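Numbering starts at 1 and runs along the sequence shown. Computed from a predicted structure; not experimentally measured.
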Amino acid sequence: MIAFVSGPVAALAPDSAVVEVGGIGIAVQCTPTTLAGLRMGQQARLATSLVVREDSLTLYGFVDDDERQVFELLQTASGVGPRLAQAMLAVHAPDALRRAVATSDEKALTAVPGIGKKGAQKLLLELKDRLGEPIGAPAVGAPVTQGWRDQLHAALIGLGYATREADEAVSAVAPQAEAAEGAPQVGQLLKAALQTLNRAR
C-alpha cells in the first residue's frame with residue numbers, strides 16, 4: 001500500500017499529476033480541486049490510495065488523509081468504483097458529502113455526474129453509518145462563491161496556461177458559475193474552462 005507520495009511536481013494534466021519520487025515519475029489521478037493546489041516544479045505531498053485491477057494499477061491522490069479515507073469509504077457502497085468516488089469528491093468536499101448523507105440530501109448526490117435519483121437514494125441508505133458526522137462547521141456560501149475565480153485561475157496557471165488565457169477562460173465560464181445554485185463547483189468550472197481553451201487553440 002502506497003500511503004503517500006512526496007516530491008516535486010513533474011507534470012500536470014486535467015485529471016492527473018506526475019510526482020517525482022526518488023528519480024521515478026509516479027502518475028497520480030487527482031480531482032481538479034487537488035490539482036489546483038499543485039505547481040510545476042514545486043514540492044507536493046499527496047495522500048494516496050492504490051486501486052488494483054487485473055489489468056491495471058491506478059494511484060489516486062488526495063489533499064489529505066481525510067479525503068483519502070472518504071474516497072475509500074465511498075467504495076464500500078455497492079456500485080461505487082474509484083472513478084465514481086473520485087467524481088463525488090470532485091463535486092463535494094469530504095465534509096459536504098458527510099453532511100449530505102447525514103441530512104439525506106438527495107439533491108447533493110444527484111449533482112454528481114453518473115448518479116441518478118435511485119442511485120442517490122441507495123447511496124444514502126448504504127453510507128448512512130459509514131461516513132460519520134461532518135467534522136467542520138457548515139460551509140458559509142458567500143466566501144466560497146467569491147473564491148471560485150481565484151481557485152479556477154490558480155488551477156489553470158498550474159496546468160501551464162498563460163495568465164491571459166486563464167483570465168479569458170475564467171470570464172468565459174463566469175455566467176455558468178453565477179447561474180449555479182449555491183457555491184459554484186470549481187471542478188465542473190475547470191472542465192468547462194478547459195473546453196473553451198481547447199476550442200480557442
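- The number of heavy-atom neighbours closer than 6.0 Å to CZ of Arg130, taken from other residues, nucleotides and ligands shown, is above 12.
- Although no hydrogens or angles enter the test, the distance criterion places no donor-acceptor pair under 3.5 Å between the side chain of Arg83 and the main chain of Val80.
- When all heavy atoms of Ala77 and Leu127 are compared, the closest pair comes out as CB-CD2, 4.0 Å.
- The one candidate from Leu89, Leu12, Asp15, Leu46 that meets the side-chain contact (heavy atoms from CB on, under 4.5 Å) condition with Cys30 is Leu46.
- The CG atom of Asp167 sits 9.0 Å away from atom CZ of Arg164, with the distance rounded to the nearest 0.5 Å.
- When hydrophobic clusters are built by joining Ile, Leu, Val, Met, Phe, Trp and Tyr residues whose side-chain heavy atoms come closer than 4.5 Å, directly or via intermediates, Leu189 is not grouped with Val91.
- In the hydrophobic cluster analysis, where Ile, Leu, Val, Met, Phe, Trp and Tyr join through side-chain heavy atoms closer than 4.5 angstrom, Phe4 is grouped apart from Leu50.
- Side chain of Glu165 to backbone of Ala162: a donor-acceptor contact under 3.5 angstrom is found.
- Minimum interatomic distance between Val173 and Ala193 (heavy atoms only, all atoms of both residues): CG1-N, 3.6 Å.
- There is no path of hydrophobic side-chain contacts, each under 4.5 Å, that joins Leu125 to Leu73.
- Annotation: side chain of Pro94 is not in contact with side chain of Leu131 (no heavy-atom distance under 4.5 Å).
- For the ring pair (Phe, Tyr, Trp, His ring centres under 6.0 Å) condition, the pairs that include at least one residue of residues 65-112, sequence neighbours left out, are Tyr60-Phe71, Phe62-Phe71.
- Of the charged side-chain nitrogens involved, at least one lies within less than 4.0 Å of a carboxylate oxygen, so that Asp65 and Arg68 count as a salt-bridged pair.
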Applying side chain to side chain contact (heavy atoms under 4.5 Å, CB included) to Leu97 and Leu74, what does each step give before you reach the verdict?
CA-CA 10 Å; Leu97 281 172; Leu74 289 171; 3.9 Å; yes
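- Here Glu106 contributes atom CD and Leu123 contributes atom CG; the two are 10.5 Å apart, rounded to the nearest 0.5 Å.
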Given the rule in the side chain to side chain contact (heavy atoms under 4.5 Å, CB included) test, do Thr34 and Glu67 qualify, once you have shown the distances and angles that lead to the verdict?
CA-CA 10 Å; Thr34 301; Glu67 195 175 52; 3.6 Å; yes
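- In this structure, CG on Leu190 lies 10.0 Å from CD on Gln195, to the nearest 0.5 angstrom.
- We find the OG1-NZ distance between Thr110 and Lys118 to be 15.0 Å, quoted to the nearest 0.5 Å.
- Met40 and Ala11 get closest at one heavy-atom pair: SD-CA, 3.6 Å.
- When all heavy atoms of Ala102 and Lys128 are compared, the closest pair comes out as O-NZ, 3.2 Å.
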Check against side chain to side chain contact (heavy atoms under 4.5 Å, CB included), Met88 and Ile115:
CA-CA 9 Å; Met88 290 169 80; Ile115 299 180; 3.9 Å; yes
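- Cluster membership check: Leu38 shares its hydrophobic cluster with Tyr161, using side-chain heavy-atom separations under 4.5 Å among Ile, Leu, Val, Met, Phe, Trp and Tyr.
- In this structure, the separation between CD1 on Ile2 and CG on Leu57 is 8.5 Å, given to the nearest 0.5 Å.
- Ala17 approaches Leu35 most closely through the heavy-atom pair CB-CD2, 3.9 Å.
- A donor-acceptor pair under 3.5 Å is absent between the side-chain atoms of Gln75 and the main chain of Ala85, judged by distance alone.
- A pairwise comparison of heavy atoms in Pro175 and Ala172 identifies CD-O, 3.5 Å as the closest pair.
- Linking Ile, Leu, Val, Met, Phe, Trp and Tyr whenever their side-chain heavy atoms come within less than 4.5 Å puts Val21 and Leu59 in one cluster.
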Could you go through the side chain to side chain contact (heavy atoms under 4.5 Å, CB included) check for Arg98 and Asp66 one step at a time?
CA-CA 12 Å; Arg98 289 192 189 97; Asp66 180 43; 2.4 Å; yes
